[in-house]
Undergrad: 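Below are the structure tokens for one structure; questions will follow.
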Number of protein chains: 2
Amino acid sequence: MSYKIKSRIWIESDNHVLLGEGRVQLLKAIETEGSLSKAAKSLGLSYKKAWSLIDSVNKSAKKPVTINSTGGKGGGGAELTDYGKQLITVFDEINQNCWTFLDEQVQKLELL
Amino acid sequence: MSYKIKSRIWIESDNHVLLGEGRVQLLKAIETEGSLSKAAKSLGLSYKKAWSLIDSVNKSAKKPVTINSTGGKGGGGAELTDYGKQLITVFDEINQNCWTFLDEQVQKLELL
DNA sequence: TAGCGTTATGTATTTACAAATATAACGAAA
DNA sequence: TTTCGTTATATTTGTAAATACATAACGCTA
């Protein structure tokens with residue numbers, strides 16, 4: 001059995017967490033579901049938890065990441081801004097690059 | 001205020017955590033203190049917490065990482081094996097490389 | 001203006017994890 | 001055989017985080 005290396009990356013802004021893997025997953029769910037409550041349900045987390053995450057994301061980001069509308073046709077909904085879509089794309093890219101980088105590095109351990 | 005990227009890496013063996021930053025810090029303290037109880041105290045964590053961490057490390061590793069002796073002159077003590085010393089060296093090296101790698105990658109976010 | 005499905009927010013409860021406490025076992029040395 | 005400072009382990013207590021529950025607000029539509 002060989003050693004495996006795992007990693008967790010996240011982006012901070014002004015000492016507050018902006019994006020992590022969980023937040024990115026939630027943003028993706030919002031994009032496909034069109035609403036925060038449905039996104040939360042699809043991921044099995046409470047609406048409140050999801051809301052506080054998105055609230056934190058939007059407060060930390062330089063520009064709005066989602067646009068949440070309350071009331072109106074269908075009761076409202078949530079959608080990603082273009083900036084939000086770009087953020088999750090770049091995050092995924094960095095994360096993927098990190099994994100492949102670490103998979104190379106971990107070989108140093110096998111030689112011991 | 002620019003975005004910062006943070007990371008946490010850890011090594012797993014057979015789906016159990018072998019090494020993380022906290023465990024490495026504890027191993028270093030054992031090396032300098034010569035005992036598990038003193039190492040725990042120097043890091044401000046309980047002896048039980050420290051012991052269970054080291055127990056987990058030794059159970060996950062391919063070879064022993066520390067040698068713990070009970071009783072005898074001075075009551076006993078704990079020290080790192082050569083293998084343990086090599087592990088923390090390589091871990092620190094990989095971690096450092098990961099940070100510099102991510103610092104380059106994060107620049108992609110600033111352009112958005 | 002009543003109804004609907006959202007977003008938004010507060011409060012209480014439960015759960016999980018960390019911390020504290022207690023005690024046994026160990027083995028050399030005096 | 002008593003003392004000492006460890007390692008080893010169980011049990012209790014405390015604290016913080018997650019979860020659940022409850023309710024207000026919103027704005028379009030019929």
Side-chain angles (χ1 to χ4, degrees), chain A residues 8 10 12 15-61 63-81 83-84, chain B residues 6 8 10 12 15-17 20-61 63-81 84:
Chain A
R8 233 49 217 257
W10 66 96
E12 289 189 4
N15 288 333
H16 292 86
V17 175
L18 165 63
L19 276 187
E21 289 185 18
R23 292 170 188 229
V24 165
Q25 197 179 12
L26 177 58
L27 289 174
K28 288 177 180 174
I30 289 174
E31 189 174 21
T32 64
E33 299 286 349
S35 106
L36 181 51
S37 64
K38 287 178 185 167
K41 190 169 294 180
S42 78
L43 295 180
L45 70 163
S46 71
Y47 172 81
K48 172 159 189 170
K49 174 77 175 174
W51 179 83
S52 62
L53 282 173
I54 293 302
D55 186 57
S56 168
V57 166
N58 282 314
K59 281 178 177 163
S60 305
K63 308 185 215 172
V65 175
T66 72
I67 293 179
N68 307 337
S69 56
T70 168
K73 184 171 64 177
E79 59 181 352
L80 298 194
T81 62
Y83 183 63
Chain B
K6 303 275 180 97
R8 227 67 213 256
W10 66 96
E12 288 189 5
N15 289 332
H16 291 86
V17 174
E21 290 186 18
R23 291 169 188 230
V24 165
Q25 197 179 14
L26 178 57
L27 289 174
K28 288 177 180 174
I30 289 174
E31 190 175 21
T32 63
E33 300 286 349
S35 105
L36 181 50
S37 64
K38 286 178 185 168
K41 189 169 295 181
S42 78
L43 295 179
L45 69 164
S46 69
Y47 172 82
K48 170 161 187 167
K49 174 76 176 176
W51 178 83
S52 61
L53 283 173
I54 293 303
D55 186 56
S56 168
V57 166
N58 282 313
K59 281 179 178 164
S60 306
K63 309 185 215 171
V65 175
T66 72
I67 294 179
N68 306 337
S69 57
T70 168
K73 183 172 63 176
E79 58 181 351
L80 298 194
T81 62

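Below, chains carry the letters A, B, ... as their sequence lines are ordered, and counting in each starts from 1.
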Undergrad: Atom NZ of B:Lys49 and atom C1' of D:dT9: how far apart are they, to the nearest Å?
TA: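 It works out to 16 Å between those atoms.
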Undergrad: Given D:dT6, C:dA8, C:dT6, identify the nucleotide with an atom nearest to the side chain of A:Ser37.
TA: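 So the nucleotide nearest the side chain must be C:dT6.
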Undergrad: Figure out the CD1/P separation between B:Ile54 and D:dT9, and round it to whole Å.
TA: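 Rounded to the whole Å, the gap is 14 Å.
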Undergrad: Does D:dA8 have its OP1 or OP2 closer than 4.0 Å to a side-chain nitrogen or oxygen of B:Asn68?
TA: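 Answer is yes, contact under 4.0 Å.
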Undergrad: In whole angstroms, how far is the C1' atom of D:dC26 from the CD1 atom of A:Ile67?
TA: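 Spelled out: CD1 on A:Ile67 to C1' on D:dC26 is 17 Å.
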Undergrad: Which whole-number value in Å describes the distance from A:Lys38 NZ to C:dG5 P?
TA: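 Computing the A:Lys38:NZ to C:dG5:P distance gives 10 Å.
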Undergrad: Check the distance between D:dT7's P and B:Lys41's NZ and give it to me in whole angstrom.
TA: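 To the nearest whole Å, that distance equals 11 Å.
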Undergrad: Test your reading of the model: is there a side-chain donor-acceptor pair from A:Thr81 to the backbone of A:Val65, 3.5 Å cut-off?
TA: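 Side chain of A:Thr81 to backbone of A:Val65: a pair is present.
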Undergrad: Any chance you could measure A:Arg23, atom CZ, to A:Leu18, atom CG, to the nearest 0.5 Å?
TA: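 Rounded to the nearest 0.5 Å, the CZ-CG separation comes to 7.5 Å.
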Undergrad: Without decimals, in angstroms, what is the distance between A:Leu53 CG and D:dT19 P?
TA: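 From A:Leu53 CG to D:dT19 P: 11 Å.
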Undergrad: What distance do A:Lys28 atom NZ and A:Glu31 atom CD have between them, rounded to the nearest 0.5 Å?
TA: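 It comes to 9.5 Å.
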Undergrad: Would you kindly compare A:Gly71 and A:Ser46 by the position of their nearest DNA chain D nucleotide and give the one closer to the 5′ end?
TA: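 Its nearest nucleotide lies further toward 5', so the answer is A:Ser46.
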Undergrad: Between B:Leu36 and B:Thr66, is the side chain to side chain contact (heavy atoms under 4.5 Å, CB included) condition met? List the steps.
TA: CA-CA 10 Å; B:Leu36 181 50; B:Thr66 72; over 6 Å; no
Undergrad: Answer with base, sugar-phosphate or nothing: what part of the nucleic acid does A:Ser35 contact at a heavy-atom distance below 4.0 Å?
TA: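 Touches sugar-phosphate only.
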Undergrad: Starting from the 5' end of DNA chain C, give me the residue, A:Asp55 or A:Gly75, whose nearest nucleotide shows up first.
TA: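 Whichever sits nearer the 5' end wins; that is A:Gly75.
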Undergrad: By nearest atom, which of the nucleotides D:dA25, D:dT7, C:dT9 is closest to the A:Thr70 side chain?
TA: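 Closest of the options to the side chain of A:Thr70: D:dA25.
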Undergrad: For A:Lys48 and C:dT6, give me the distance from atom NZ to atom C1', rounded to whole Å.
TA: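 The distance from NZ of A:Lys48 to C1' of C:dT6 comes to 17 Å, rounded to the nearest Å.
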Undergrad: Could you tell me the separation between the CG atom of B:Asn58 and the C1' atom of D:dA8, rounded to a whole number of Å?
TA: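 From B:Asn58 CG to D:dA8 C1': 14 Å.
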Undergrad: About how many Å separate CG of B:Leu45 and CG of B:Leu43, when rounded to the nearest 0.5 Å?
TA: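 Between B:Leu43 CG and B:Leu45 CG, I get 5.5 Å after rounding to 0.5 Å.
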Undergrad: Does a nitrogen or oxygen in the side chain of B:Trp51 sit under 4.0 Å from OP1 or OP2 of D:dA8?
TA: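 Yes, because at least one side-chain N or O of B:Trp51 sits under 4.0 Å from OP1 or OP2 of D:dA8.
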Undergrad: May I ask you to evaluate whether B:Lys73 reaches the phosphate of C:dA29, defined as a side-chain N or O under 4.0 Å from OP1 or OP2?
TA: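 Looking at the OP1 and OP2 atoms of C:dA29, neither is under 4.0 Å from any side-chain N or O of B:Lys73.
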